[in-house]
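This structure is a prediction, so every number in the text was calculated from the model and none was measured.
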Amino acid sequence: QRQLVESGGGLVQPGGSLRLSCVASGFSLGYYAVAWFRQVPGKDREGVSYISSFDSSTAYENSVKGRFTISRDDDKNAVYLQMDNLRPDDTAVYYCAAAWEIGSRRYSFEAHDYDYWGQGTQVTVSS
């Protein structure tokens, strides 16, 4: 069974840090582009960060640039999202997703491009 499992969410104060993990089972994540999305109730799911399978090039949504860092460890079949200087508006359920290919685009935050999704992990930023 092919699945993604996220972990690392929790409650953190503004300015704090969390590291999310996304571990794949049943398939080799190294062949897939991976993105982190987040969603709050009543809003559409939004792409936060992306890492390619080809050269590990990355992309970030504007509000997280300079604060979030995506990385991958293909030996561990995992992708990580280091989140620093967290703000209350980062509060959301965070999902990782894997895409076999996105065509010629440099990155994708289009949910329909992604083949596998995790169940999500809650991140709450509050004092």
Side-chain donor or acceptor of Arg2 paired with backbone N/O of Phe27 under 3.5 Å: no
N/O donor to acceptor pairs below 3.5 angstrom from side-chain atoms of residues 40-47, sequence neighbours left out:
unit_1 : atom_1 : unit_2 : atom_2 : d
Arg45  : NE     : Gln39  : OE1    : 3.3
Arg45  : NH2    : Gln39  : OE1    : 3.3
Glu46  : OE2    : Arg38  : NE     : 2.6
Glu46  : OE2    : Arg38  : NH2    : 3.2

Check: Ser52 side chain, Ser57 main-chain N or O, donor-acceptor pair, under 3.5 Å: yes
4.5 Å side-chain heavy-atom contact, Met83 and Val123: yes
Hphob cluster co-occupancy, Trp117 + Val34, side-chain heavy atoms under 4.5 angstrom: no
Value rounded to 0.5 Å, distance of OG1 in Thr91 from CD in Gln122: 7.0 Å
Straight-line distance of Ser56 OG to Asp74 CG, nearest 0.5 Å: 6.5 Å
Nearest heavy atoms of Pro14 and Ser127, plus distance in Å: CD-N, 3.7 Å
Which atom of Arg67 lies closest to which atom of Asn85, heavy atoms considered: NH1-O, 3.0 Å
Hydrophobic cluster identity match, Leu18 and Tyr80, side-chain contacts under 4.5 Å: no
Within one Ile-Leu-Val-Met-Phe-Trp-Tyr cluster: Leu20 and Val48, side-chain cutoff 4.5 Å: yes
Path from Val12 to Val93 over hydrophobic side-chain contacts below 4.5 Å: no
Within residues 62-108 or reaching into it, pairs that qualify as disulfide (SG to SG under 2.5 Å) - sequence neighbours excluded: Cys22-Cys96
Smallest separation among heavy atoms of Ser53 and Ala33, with atom names: CB-N, 3.8 Å
Can you list, pair by pair, the side-chain donor-acceptor contacts under 3.5 Å of residues 102-109, counting residues two or more places apart and other chains?
unit_1 : atom_1 : unit_2 : atom_2 : d
Arg105 : NE     : Ile102 : O      : 2.9
Arg105 : NH1    : Asp113 : OD2    : 2.8
Arg105 : NH2    : Ile102 : O      : 3.0
Arg105 : NH2    : Asp113 : OD1    : 3.2
Arg105 : NH2    : Asp113 : OD2    : 3.0
Arg106 : NH1    : Thr58  : O      : 3.2
Ser108 : OG     : Glu110 : N      : 3.0
Ser108 : OG     : Asp113 : OD2    : 2.6

Nearest-0.5 Å distance that lies between atom CG in Leu81 and atom CZ in Arg72: 13.5 Å
From CD1 (Ile70) to OH (Tyr60), nearest 0.5 Å: 6.5 Å
Mutual orientation of the aromatic rings belonging to Trp100 and Tyr31 [parallel < 30°, tilted 30-60°, perpendicular > 60°]: tilted
Donor-acceptor contact below 3.5 Å, side chain Gln119 vs main chain Val5: no
Passing candidate, ring-ring contact (aromatic ring centres under 6.0 Å, His included) with Tyr114, options Phe37, Trp36, Tyr32: Phe37
CG-OG distance between Asp90 and Ser126, expressed to the nearest 0.5 angstrom: 12.5 Å
Interatomic distance, Glu61 atom CD to Phe68 atom CZ [nearest 0.5 angstrom]: 9.0 Å
Side chain proximity check, Gln82 to Ser17, heavy atoms < 4.5 angstrom: yes
Asp73 (side chain) donor-acceptor with Ala78 (main chain) under 3.5 angstrom: no
